[in-house]
Amino acid sequence: MVIRQDYEVSSEGAVRHWEIPYARLEDPLPVVTMPAQVNGLLAGSQLTGTILSIDAVTSVAVIDFTCSMVYWQEVRNVLTYVGNVEATWGVINIGDPIYYDGSATMPATIFLSTSPLDDAGPANTLFGWAVPRSDADMALFPKGIAIAPGSTVEIAVMQRGAGGA
């Protein structure tokens, strides 16, 4: 796995960083710069953010839950699943919703997609929205291919974070 060195795009608003035990995370093996989701009671309403640091000794991750923070993330452009198989894909445009997707069919290191439902049917949690990283990046939208087998693209994502709408 390659950790992106230039993963933060911009900062906005009050900063919200919290320590979360690995055992409370959807992915119990967190990696710095990757998206994270805290396990919750209701599918589709969990707290999400971006991992800033990990402490393997205490099994705690520091996660940025700041609303409107923008990070460079890998996003799968799947829209729907039929059973455990990706069924449809779409290009990703500026402002499109991005979801934390825990589907078993997602590549092992990808946690974000454009699908509002996971491959088993429950709702995915809204992670944020696709935004341009720069003027040059803006010209590259829409991103991804809308035909089988779909695509995984790097996109700046403005995260919903804690307290986001």
Side-chain angles (χ1 to χ4, degrees), residues 1-18 25-27 30-38 40 43-52 63-82 85-103 105-119 121-165:
M1 169 183 291
V2 176
I3 297 176
R4 296 176 296 280
Q5 297 300 314
D6 180 22
Y7 66 97
E8 182 180 350
V9 178
S10 71
S11 302
E12 295 292 331
V15 176
R16 294 177 177 93
H17 298 171
W18 284 295
L25 299 176
E26 173 89 12
D27 178 15
V31 175
V32 174
T33 76
M34 300 300 284
Q37 176 170 279
V38 179
S45 65
Q46 291 92 339
L47 182 60
T48 59
T50 302
I51 301 166
L52 298 179
I63 301 173
D64 183 354
F65 296 110
T66 306
C67 181
S68 298
M69 190 69 134
V70 178
Y71 288 100
W72 192 240
Q73 301 282 9
E74 290 187 67
V75 179
R76 185 82 184 142
N77 73 330
V78 59
L79 294 172
T80 62
Y81 297 94
V82 173
V85 178
E86 292 182 355
T88 60
W89 305 266
V91 294
I92 303 171
N93 220 324
I94 295 168
D96 283 349
I98 306 297
Y99 298 90
Y100 189 96
D101 191 339
S103 297
T105 57
M106 290 284 283
T109 60
I110 308 299
F111 299 96
L112 301 178
S113 81
T114 52
S115 178
L117 302 175
D118 77 10
D119 61 358
N124 282 328
T125 301
L126 178 64
F127 186 85
W129 299 268
V131 294
R133 177 179 177 175
S134 63
D135 287 345
D137 185 49
M138 187 182 325
L140 300 176
F141 280 89
K143 294 184 176 187
I145 56 172
I147 58 173
S151 55
T152 300
V153 293
E154 287 190 326
I155 291 185
V157 179
M158 180 174 57
Q159 64 186 31
R160 181 177 181 204

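Note that the structure is predicted; figures quoted are calculated from it, not measured.
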Engineer: So which atom in L112 and which in P35 form the shortest heavy-atom distance, rounded to 0.1 Å?
Structural biologist: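 Closest approach of L112 to P35, heavy atoms only: CG-CG, 3.7 Å.
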Engineer: Rounded to the nearest 0.5 Å, what's the gap from CZ on R133 to CH2 on W72? Could you check?
Structural biologist: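 Here the interatomic distance stands at 5.0 Å.
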Engineer: Grab the two heavy atoms, one from A87 and one from V82, that are nearest each other, plus how far apart they are.
Structural biologist: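 That would be CB-CG2, 3.5 Å.
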Engineer: So, using side chain to side chain contact (heavy atoms under 4.5 Å, CB included) as the criterion, who are the partners of V153 when residues are at least two apart?
Structural biologist: I92, K143, S151, I155
Engineer: I'd like to know if the side chain of T66 reaches the main chain of R16, judged simply by a donor and an acceptor atom lying under 3.5 Å from each other, with no hydrogens or angles considered.
Structural biologist: yes
Engineer: Quick one: side chain to side chain donor-acceptor pair (under 3.5 Å) partners of E86, sequence neighbours excluded?
Structural biologist: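 Scan of E86 (side chain to side chain donor-acceptor pair (under 3.5 Å), adjacent residues dropped) gives R76, W89.
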Engineer: Between N124 and L117, is there a donor-acceptor pair closer than 3.5 Å when you use the side chain of the first and the backbone of the second?
Structural biologist: yes
Engineer: To the nearest 0.5 Å, how far apart are OG in S103 and OH in Y81?
Structural biologist: 3.5 Å
Engineer: For F141 and A130, work out which heavy atoms get closest and say how close.
Structural biologist: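 Nearest pair, atom of F141 first, then A130: CE2-CB, 4.5 Å.
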Engineer: Give the minimum heavy-atom separation between A146 and G90, together with the two atoms involved.
Structural biologist: CB-CA, 3.9 Å
Engineer: Please walk me through it: do D137 and L140 pass side chain to side chain contact (heavy atoms under 4.5 Å, CB included)?
Structural biologist: CA-CA 5 Å; D137 185 49; L140 300 176; 4.0 Å; yes
Engineer: Begin with the C-alpha distance, continue with both residues' side-chain angles, and end with the deciding distance and a verdict on side chain to side chain contact (heavy atoms under 4.5 Å, CB included) for V38 and T48.
Structural biologist: CA-CA 6 Å; V38 179; T48 59; over 6 Å; no
Engineer: Just how far is it from atom OG1 of T152 to atom CD of Q73, taken to the nearest 0.5 Å?
Structural biologist: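 The OG1 atom of T152 sits 12.5 Å away from the CD atom of Q73.
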Engineer: Answer yes or no: is there a donor N or O on one side and an acceptor on the other, between the side chain of N77 and the main chain of T114, under 3.5 Å?
Structural biologist: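 Looks like no, no N/O pair under 3.5 Å.
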Engineer: Drop me the distance from I110's CD1 to D101's CG, to the nearest 0.5 angstrom.
Structural biologist: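 So the CD1 of I110 and the CG of D101 are separated by 11.0 Å.
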Engineer: Going by the side chain to side chain contact (heavy atoms under 4.5 Å, CB included) test, name the single residue among S45, P116, P97 that passes it with L126.
Structural biologist: P97
Engineer: So how far is it from M69 CE to H17 NE2, rounded to the nearest 0.5 Å?
Structural biologist: 5.5 Å
Engineer: Within the 4.5 Å heavy-atom criterion, are V31 and T109 side-chain neighbours or not?
Structural biologist: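 SC-SC contact between V31 and T109 ruled out.
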Engineer: For D118, does its backbone N or O pair with a side-chain atom of S115 as donor and acceptor, under 3.5 Å?
Structural biologist: no
Engineer: Which value, rounded to the nearest 0.5 Å, describes the distance between W129 atom CH2 and Q159 atom CD?
Structural biologist: 10.0 Å
Engineer: If you take all heavy atoms of A156 and V70, which pair is closest and at what distance?
Structural biologist: CB-CG1, 3.8 Å
Engineer: Only one of D64, T50, T33 passes side chain to side chain donor-acceptor pair (under 3.5 Å) with Y71; say which it is.
Structural biologist: D64
Engineer: Checking D27 against Y100 for the side chain to side chain contact (heavy atoms under 4.5 Å, CB included) test, could you report, in this order, the C-alpha distance in whole Å, the side-chain angles of both residues, the deciding distance, and whether it holds?
Structural biologist: CA-CA 11 Å; D27 178 15; Y100 189 96; 4.1 Å; yes
Engineer: Quick one: closest heavy-atom pair of A36 and I51, and the distance?
Structural biologist: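 Heavy atoms of A36 and I51 come nearest at CB-CG1, 3.7 Å.
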